[in-house]
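Each remark here refers to the structure printed beneath this line.
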2 protein chains.
Amino acid sequence: MTEVTDRISRRQVDKFAERRAQLATSALRTLSELGYARTSLREIAQNSEFSHGVLHYYFRDKVELITHCVKVYKAECVTRYDQIVTTAESAEDLREDFAEALAGTCREDAALHRLWYDLRNQALFEESFRTDVLEIDKSLESMIWRIVSTYADLSDRPPSVTPATAYGLLDGLFQQALLRQLSGDPAALEDLRSGVVQTLPKLLEA
Amino acid sequence: MTEVTDRISRRQVDKFAERRAQLATSALRTLSELGYARTSLREIAQNSEFSHGVLHYYFRDKVELITHCVKVYKAECVTRYDQIVTTAESAEDLREDFAEALAGTCREDAALHRLWYDLRNQALFEESFRTDVLEIDKSLESMIWRIVSTYADLSDRPPSVTPATAYGLLDGLFQQALLRQLSGDPAALEDLRSGVVQTLPKLLEA
DNA sequence: AGAAAGTCTTGACGACTGTCAAGAACTCGA
DNA sequence: TCGAGTTCTTGACAGTCGTCAAGACTTTCT
C-alpha cells in the first residue's frame with residue numbers, strides 16, 4: 001500500500017470512527033433517557049441527525065452498537081476521580097473531596113449512572129454484554145481502590161478490606177442514593193455524602 | 001346481599017385471587033428467566049397452562065401484572081432472615097448465620113434476585129413502578145436493620161450507621177456477588193460470606 | 001469530466017408487541 | 001336439565017421492532 005492511499009484510508013477510517021462516536025453519543029443520550037428496555041434503533045436515529053438505516057452502516061447490529069456505547073461510557077467514566085487522588089494533601093481532604101464528587105456526579109450525571117446500572121443488570125440476563133460489563137466493573141473497582149488506598153496512605157493505616165469489598169460497599173451506597181435522588185428525596189445527596197464520609201475510615205485497620 | 005350470595009361471591013373472589021396468584025407465579029418465573037426487557041405477555045402465558053388472552057381477564061394491563069408480581073415477590077422475600085434473628089444466641093452465631101444465609105440465597109435464588117434488581121432499575125426510568133419498588137426497598141432495609149440491630153445488641157455495642165447506610169452497604173456486597181456468581185466466578189459466594197463477616201463489626205461503634 | 005468508492009435515505013420484510021372483542025367452554029344454582 | 005354467569009380461547013387490530021436491499025447523493029481519485 002502506498003503512502004498516499006495509506007493516508008487516505010486512515011483518513012477514511014478516522015471519519016468512520018468519528019461518525020461511530022457521534023452515533024454512539026446519540027445512542028447514549030437516548031439510552032440514558034429511556035433505559036435499555038425502551039430504546040429502539042429508530043429512536044436513537046431520531047435523536048441524531050441521521051435516518052435509522054445508517055446505524056446498520058456503522059454497526060453490525062444492535063448488540064454491537066450498545067456494546068460500543070458501553071465502551072464510550074467507560075472511557076468517560078474511569079478517570080473521573082483521579083484528579084482528587086493527585087491533588088488531595090491530607091486524608092481529610094481526600095475523604096471530603098471524594099464524598100463531594102460522588103454526590104456531585106450523582107446529581108449531575110444521574111441519567112448516565114442509571115444507564116450503567118441498567119446495562120450491568122442486562123448482563124445478568126444476556127451473556128452477550130457480560131464481558132464488557134465485567135471489564136468496566138473491574139476498572140471502576142480499580143478507580144475506587146485508588147481512592148481507598150491513597151486514603152489509607154495519607155492516614156498511615158493500611159486498608160482492612162479487599163478492593164472488591166471496598167467497591168461493593170461504596171457502590172451500594174451510591175446506587176441507593178441514585179434511586180432516592182431520582183425519586184425526589186431531597187436528603188439523598190447529603191446522606192450519600194455523610195455515608196461515604198462515615199464509611200471510608202471503616203475500610204482501614206483500627 | 002344474602003349470606004349465601006356473600007359466601008358465593010367470596011368464593012369467587014377467592015378463586016379469582018387464586019388464579020391471579022397462579023398467573024403471577026408464571027410471570028415471575030418468566031421474568032426471572034428473561035428479564036424485564038424481553039418478557040412478553042405471550043411468553044408468560046406460554047409458561048402457564050393458559051392462553052395469552054386470559055392475562056387481560058385477570059390483570060388490567062401489563063403494568064398491573066408486573067406490579068402485582070413485584071408484591072408477590074416482596075411477600076416471599078421480606079421475612080427471609082427473621083428466623084436467624086430469633087434463633088441466634090450470640091453475636092458470632094448471628095454474624096455467621098447471616099453471611100451463610102446471604103450466600104445461600106445468592107446461589108439458590110439467583111434468578112429471583114436479578115429480577116428484583118432489574119425491576120428496581122426500571123423504577124429509575126419508569127415512574128409507574130417507583131412507588132412499589134420504594135416500598136419493597138424500604139422493607140428490605142427494615143429486614144437488614146433487624147439483623148444489624150440484633151447483632152449490635154448481642155455485641156453490647158450500638159450501631160454506628162443509619163439503617164439506610166447499613167442496607168446500602170450490604171446490598172452493594174450482595175449485588176456484586178450476584179453478578180460474579182452468575183458470571184461463573186467460583187469465589188463469588190465465599191467472598192460474599194467473608195465480606196459480610198468482615199463488614200458487620202464495622203457497622204458498630206468501636 | 002467521468003469513474004469509483006463511500007455515505008446516507010427510503011421503503012419494505014417478517015416477526016413480535018399489548019390490547020381487545022367475539023364467542024366457545026365451562027360451572028353451578030334452580 | 002336448563003340457563004345464567006364465569007372463565008378461557010381464538011383471532012384479529014394497529015403499532016413497533018431489527019434488519020436489509022435498492023438506489024440516490026456525496027466525496028474522492030484519475
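Convention: sequence-line order gives letters A, B, ...; per-chain numbering from 1.
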- Query: Looking across every strand, which nucleic acid part, if any, lies under 4.0 Å from B:Tyr58 by heavy atom: base, sugar-phosphate, or nothing?
  - Reply: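 Sugar-phosphate contact only.
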
Rounded to the nearest Å, what distance is computed from the [atom1] atom of residue [X] to the [atom2] atom of nucleotide [N]?
{"X": "B:Arg60", "N": "C:dC20", "atom1": "CZ", "atom2": "P", "value": "10 Å"}
{"X": "A:Phe59", "N": "D:dC20", "atom1": "CZ", "atom2": "C1'", "value": "17 Å"}
{"X": "A:Ile66", "N": "D:dG18", "atom1": "CD1", "atom2": "C1'", "value": "12 Å"}
{"X": "A:Lys15", "N": "D:dT27", "atom1": "NZ", "atom2": "C1'", "value": "7 Å"}
{"X": "B:His52", "N": "D:dA12", "atom1": "NE2", "atom2": "P", "value": "11 Å"}
{"X": "B:Gln46", "N": "C:dC16", "atom1": "CD", "atom2": "C1'", "value": "13 Å"}
{"X": "A:Leu65", "N": "D:dC17", "atom1": "CG", "atom2": "P", "value": "14 Å"}
{"X": "B:Arg42", "N": "D:dG11", "atom1": "CZ", "atom2": "P", "value": "12 Å"}

- A:Leu41 vs B:Ser51, nearer the 5' end of DNA chain D by closest nucleotide: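 With A:Leu41 and B:Ser51 compared, the 5'-side residue is B:Ser51.
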
- Pick the nucleotide of DNA chain D nearest each of A:Arg38 and B:Phe50; which residue has the one closer to the 5' end?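 Of the two residues, B:Phe50 wins.
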
- Message: Regarding A:Glu135 and A:Lys138, does a basic nitrogen lie under 4.0 Å from an acidic carboxylate oxygen?
- Response: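 Judged by the 4.0 Å cut-off on N to carboxylate O distance, A:Glu135 and A:Lys138 do not form a salt bridge.
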
- Are there more than 12 heavy atoms of other residues, nucleotides or ligands under 6.0 Å from atom CD of A:Gln83?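 Not more than 12 within 6.0 Å, no.
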
- Shortest side-chain distance from B:Tyr57, nucleotide among D:dT19, D:dT6, C:dT7: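 Looking only at heavy atoms from C-beta outward on B:Tyr57, the closest nucleotide is D:dT6.
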
- Query: Under 3.5 Å, is there a donor-acceptor pair between the side chain of B:Asp61 and the main chain of B:Glu64?
  - Reply: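 Side chain of B:Asp61 to backbone of B:Glu64: a pair is present.
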
- N/O donor-acceptor pair under 3.5 Å between A:Thr105 side chain and A:Leu102 backbone: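 No, A:Thr105 side chain to A:Leu102 backbone: no donor-acceptor pair under 3.5 Å.
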
- Query: Is any side-chain N or O of A:His56 closer than 4.0 Å to OP1 or OP2 of D:dC20?
  - Reply: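 A:His56 to D:dC20 OP1/OP2: no side-chain N or O under 4.0 Å.
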
- Can you tell me if the side-chain N/O atoms of A:Ser40 get under 4.0 Å from OP1 or OP2 in D:dC17?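 For A:Ser40, the contact criterion (side-chain N or O under 4.0 Å from OP1 or OP2 of D:dC17) is met.
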
- Is it true that the NZ or CZ of B:Lys62 lies under 6.0 Å from the centre of B:Tyr36's six-membered ring and within 45 degrees of the ring axis?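 Yes, B:Lys62 lies over the aromatic ring of B:Tyr36.
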
